[in-house]
Amino acid sequence: MDVFWHRRDLRVADNRGLTTATEDAPAIPVFVFDDEVLEHAGPPRVRYMLDALERLRASYQTLESDLLVGQGDPRTLIPSIAAEVGADRVVWNEDYSGLARERDAEVRLALDESGVARESVHDAIFHQPGSITTNAGDPYSVYTYFWKKWRDREKPAPYPTPDADSLADAATLESVAEAIPEVTVGELPSLSALGFEDPAADVVSAGPEAARERLTTFCEDAIYRYDEDRDYPVRSATSRLSTDLKFGTIGIREVYAATAEAREGVGGERDESVESFQSQLAWREFYTHVLRFNPHVVTENYKEYEHDIEWRDDPDELAAWKEGRTGYPIVDAGMRQLKQEAYMHNRVRMIVASFLTKDLLCDWRHGYAHFREYLSDHDTANDNGGWQWAASTGTDAQPYFRIFNPMTQGERYDPDAEYITQYVPELEGVTANTIHDWHEMSEMERERVAPDYPAPIVDHSERREMALAMFEAARGDD
Ligand SMILES: Cc1cc2nc3c(=O)[nH]c(=O)nc-3n(C[C@H](O)[C@H](O)[C@H](O)COP(=O)(O)OP(=O)(O)OC[C@H]3O[C@@H](n4cnc5c(N)ncnc54)[C@H](O)[C@@H]3O)c2cc1C
């Protein structure tokens with residue numbers, strides 16, 4: 001018998017590790033609530049994860065099996081479970097963050113000591129770290145070159161769902177749960193038992209069925225206007241699959257296969273649009289590779305500057321940003337979408353991140369920590385990549401003087417201020433032109449049209465100059 005250890009792959013379909021584990025012998029599926037991982041989690045993600053686990057268990061039940069659920073340290077629990085069932089092998093899918101890799105190395109060691117074979121496979125991404133490199137064999141630091149190679153590599157088809165015969169029966173799982181006190185059959189702790197409050201946000205529905213529905217709906221229509229519409233937050237032109245991909249409730253091969261099918265027989269702009277979506281999947285893999293080879297980026301700048309960047313870090317300005325009351329409408333709308341939906345549109349993520357780092361001159365680590373707490377799709381690699389890109393400390397090929405103007409960004413990507421007024425009710429009924437001119441209006445005018453909405457907390461042009469000076473000092477420019 002093999003043990004299959006679920007982590008960020010909460011599904012039975014298109015799961016490479018599960019296919020590997022069920023190849024020669026029936027497998028016993030296990031999930032462990034790891035205290036160390038939970039320390040870094042936020043309520044929206046734990047909510048999604050518990051719901052996804054509920055559905056994972058149901059999938060196993062329809063296959064006449066069940067899910068073993070443990071709580072504690074996988075370094076001891078996984079070897080105990082393996083010993084209890086006399087496992088030939090423990091199998092899992094790779095996780096690429098530094099914390100996960102350290103833990104997995106220790107689990108490997110413990111299994112080696114107890115003489116149980118173990119195997120980990122690459123599942124979450126198509127092309128494993130180290131497989132797409134420069135001609136000199138180094139990992140890419142520039143996305144464009146990475147993308148070209150990623151695009152041209154063959155993409156494997158989805159793995160099949162295992163059948164009932166390839167899984168341990170429920171009675172076998174019961175006997176393990178009876179023998180190990182930290183393990184139950186499928187019993188999931190409540191959010192509060194795990195130390196989390198109910199999230200205030202409306203978290204996206206969890207599990208493979210919901211993910212598949214999002215994928216199907218996206219591939220019917222929005223994928224063909226993705227290239228043109230993806231930057232406009234009100235146009236609903238993106239897939240909303242990020243939380244599903246983070247928890248692996250849908251496999252990357254299944255996602256890609258659906259996009260490849262959508263591409264068949266279409267030409268011109270529709271074809272380009274599908275490719276544009278596929279290139280976002282490549283960004284996800286690019287940042288995974290960056291994190292794998294640079295685990296320090298979680299806390300340190302990816303890019304080296306001559307001197308430390310002297311961030312300003314004003315606590316009141318940071319609080320105004322977090323609460324969505326900076327007086328820059330598109331920024332405030334984004335920050336409020338985050339709190340309401342545990343999600344924010346990509347264009348707006350770029351705008352709020354640029355605003356925090358380049359207008360408030362606040363260290364990207366504060367923004368990253370806030371996103372980590374509130375996003376349901378927080379993913380160390382993507383979140384960190386996004387923040388460091390915006391802060392000019394990351395892999396961006398553009399230099400530090402890429403500074404978004406929050407007013408023109410709002411005007412360009414939300415011309416009718418529909419997104420803004422959806423999340424900033426104080427501006428309801430105010431014309432789009434007035435909203436986009438908010439920074440130029442007199443105090444009296446602002447008071448007249450929207451008395452409850454704040455004046456801009458900083459002057460963008462002044463702050464832009466300060467940001468340039470801050471980066472030039474860090475570069476050691478005269
Ligand atoms: C400051 C900042 C923080 C971010 N934090 C995260 C995060 O924690 N988790 C996360 O998944 N994405 C993050 N992103 C990337 C991007 O904003 C989200 O992936 C996207 O908005 C999710 O919506 P979607 O699923 O509808 O995306 P779609 O546009 O439909 O894209 C499909 C998938 O491709 C991947 N993807 C898309 N854009 C990117 C990107 N720029 N970088 C990496 N992967 C991408 C995601 O898995 C996404 O689900 C961040 C971006 C920025 C600028």
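Here the structure is a predicted model, which is why all the values come from computation and not from measurement. Whatever order the structure lists them in is the order used to number ligands and atoms, beginning at 1.
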Find out whether Ser141 and Phe293 are in side-chain contact, i.e. whether some heavy atom of one side chain is under 4.5 Å from a heavy atom of the other.
no
Any side-chain heavy atom of Trp364 sitting closer than 4.5 Å to one from Leu356?
no
With no hydrogens and no angle check, do the side chains of Asp379 and Tyr287 hold a donor and an acceptor under 3.5 Å apart?
no
Regarding Arg349 and the six-membered ring of Tyr343, is the cationic atom NZ or CZ under 6.0 Å from the ring centre and inside 45° of its axis?
yes
For ligand 1, what are the residues with a heavy-atom contact below 4.0 Å?
Tyr226, Thr238, Ser239, Arg240, Leu241, Ser242, Leu245, Phe277, Gln280, Leu281, Trp283, Arg284, Tyr287, Tyr343, Met344, Asn346, Arg349, Met350, Ala353, Phe371, Leu375, Asp377, His378, Asp379, Asn382, Asp383, Gly386, Trp387
Would a 4.5 Å heavy-atom cut-off, applied to side chains only, mark Leu10 and Phe31 as touching?
yes
So does Asp459 have more than 12 non-hydrogen atoms from other groups sitting under 6.0 Å from CG?
yes
